[in-house]
Amino acid sequence: MQNPTLSPFGKPLLRAFYGRETTLVARELLGRVLIHASPEGMAAGRIVETEAYRQDDPASHSYRGQTPRNAPMFGAPGTAYVYFIYGTHWCFNVVTAQEGIGEAALIRALEPLEGIALMERRRNLADLRRLCRGPGSLCAAMGITGALNSADLTQPGTVWIAEGQPVSDPQVVSTQRVGITRAVHHPWRYYVANSRYISRK
DNA sequence: ATGATGATTAACT
DNA sequence: GTTAATCATCATG
């Protein structure tokens with residue numbers, strides 16, 4: 001792919017896309033395409049599951065204010081926030097809303113689109129459905145690590161999100177978020193109905 | 001300096 | 001359904 005901006009997945013989403021209310025951004029990220037161009041090759045996947053994390057939200061890393069770890073969450077909308085969890089996994093988020101407030105959307109699952117052989121090698125797994133199912137798994141498949149923390153996702157370069165195809169309202173399911181212990185009741189997880197690539201029902 | 005915790009996953013029973 | 005793996009981070013002392 002010579003010019004990433006002319007990829008079949010469309011142009012990068014602009015900062016104005018990310019600079020809106022976080023649950024709206026999380027929902028509208030469905031159908032968009034996460035792309036990582038690494039020295040090993042290009043990998044891309046359609047976003048099929050996300051979660052919103054807000055500043056006034058006890059489940060959010062930003063709830064107790066800014067620290068060195070969560071600092072990227074307080075940066076400009078469209079910034080990557082990549083953190084390490086359980087000693088083994090990376091999780092990939094996009095900063096949303098407004099600079100300075102600390103909100104983000106977690107990408108929880110992708111439908112693999114491009115670079116599938118590369119993803120299979122990175123995961124040592126040939127099962128397409130499981131390749132990018134779950135936040136830790138998709139980072140492993142896409143080659144996303146802390147090296148991409150704070151990356152600007154609005155520029156086609158190393159990592160970005162292309163506009164892809166938006167998902168219509170009837171195709172969006174919202175549920176409680178996964179794996180958290182606080183503020184469990186908020187319906188801030190979004191996924192594409194009927195997708196075979198989501199992390200769980 | 002120390003200890004609890006965690007936006008997970010795969011491999012069990 | 002349960003559990004081990006595995007470690008950076010942060011609050012506490």
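In what follows, chains carry the letters A, B, and so on, assigned in the order in which the sequence lines appear, proteins first and then strands, with residues in each chain numbered from 1. Being a predicted model, the structure only gives us computed values, none of them experimental.
- For residues 192-201 of chain A, there are no salt bridge (Lys or Arg N to Asp or Glu O under 4.0 Å) pairs, not counting sequence neighbours.
- The local environment of CD in A:Glu21 is crowded, with over 12 non-hydrogen atoms from other residues, nucleotides or ligands closer than 6.0 Å.
- Side chain of A:Val178, nearest nucleotide from B:dA7, B:dT8, B:dA10: B:dT8.
- Shown here are the side-chain contact (heavy atoms from CB on, under 4.5 Å) partners of A:Arg121, two or more places apart in sequence or in another chain: A:Leu118.
- A:Ser199 and A:Arg133 share no side-chain donor-acceptor pair at under 3.5 Å.
- Going from atom CE of A:Met73 over to atom P of B:dA7 covers 11 Å, rounded to whole Å.
- Residues from residues 189-201 of chain A placing a heavy atom under 4.0 Å of any atom in DNA chain C do not occur.
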How would you summarise protein contacts on nucleotides 8-13 of chain C per nucleotide, using B for base, S for sugar-phosphate only and - for none, with heavy-atom distances below 4.0 Å?
-SS---
Please list, pair by pair, any protein nitrogen or oxygen found under 3.5 Å from a nitrogen or oxygen in nucleotides 11-13 of chain B.
none

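- Looking only at distances, a side-chain donor or acceptor of A:Glu163 sits under 3.5 Å from a matching main-chain atom of A:Lys11.
- Between the CG atom of A:Asn93 and the C1' atom of B:dT8 there is a distance of 14 Å, given to the nearest Å.
- In this structure, A:His61 and A:Met73 have side chains that are in contact, with non-hydrogen atoms separated by less than 4.5 Å.
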Pairs under 3.5 Å (Watson-Crick or G-U), crossing ones as [ ], inter-strand ones as |: DNA chain C comes out as |||||.||||||.
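- No side-chain heavy atom of A:Val94 sits under 4.5 Å from any side-chain heavy atom of A:Leu106.
- Residues passing the side-chain contact (heavy atoms from CB on, under 4.5 Å) test with A:Ala43 are A:Met119, A:Arg122, A:Met142, sequence neighbours excluded.
- Distance CH2 (A:Trp90) to P (C:dC7): 12 Å, rounded to an integer number of Å.
- Residues of residues 102-113 of chain A having a heavy atom closer than 4.0 Å to DNA chain B, listed by number: A:Leu106, A:Arg108.
- The number of heavy-atom neighbours closer than 6.0 Å to CZ of A:Arg130, taken from other residues, nucleotides and ligands shown, is 12 or below.
- Not counting sequence neighbours, the partners of A:Arg177 by the side-chain contact (heavy atoms from CB on, under 4.5 Å) test are A:Glu51, A:Tyr53, A:Asp57, A:Ala59, A:Ile180, A:Ala183, A:His186, A:Trp188, A:Arg189.
- For the pair A:Thr79 and A:Leu153, the minimum side-chain heavy-atom distance is 4.5 Å or more.
- The neighbour count for A:Gln98 CD, taken as heavy atoms of other residues, nucleotides or ligands under 6.0 Å away, does not exceed 12.
- Scanning for side-chain contact (heavy atoms from CB on, under 4.5 Å) contacts around A:Thr154 gives A:Arg15, A:Tyr18, A:Asp152, with sequence neighbours left out.
- Here B:dT5 presents its C1' atom at 17 Å from OH of A:Tyr63, a figure rounded to the nearest Å.
- With contacts defined as side-chain heavy-atom distances shorter than 4.5 Å, the pair A:Tyr191/A:Thr175 qualifies.
- Remark: C1' of B:dT5 and CD1 of A:Ile180 are 15 Å apart, rounded to the nearest angstrom.
- Remark: A:Ser137 is not in phosphate contact with B:dT8, judged by side-chain N or O atoms under 4.0 Å from OP1 or OP2.
- Projected onto DNA chain B by closest heavy-atom contact, A:Tyr81 and A:Arg123 fall at different nucleotides, the more 5' of which corresponds to A:Tyr81.
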Atom pairs, protein N/O to nucleotides 2-6 of chain C N/O, distance under 3.5 Å:
unit_1 : atom_1 : unit_2  : atom_2 : d
C:dT6  : O2     : A:Tyr86 : O      : 2.2

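- Applying the salt bridge (Lys or Arg N to Asp or Glu O under 4.0 Å) test to residues at least two apart or on different chains, none of the pairs has a partner in residues 78-100 of chain A.
- Residues A:Asp56 and A:Arg54 are paired through a salt bridge, judged by an N-O separation under 4.0 Å between the basic side chain and the carboxylate.
- Between A:Ile198 and A:Val192 there is no side-chain heavy-atom pair separated by less than 4.5 Å.
- Using a 30° and 60° split on the angle between ring planes, A:Phe84 and A:Trp90 fall in the tilted class, from 30° to 60°.
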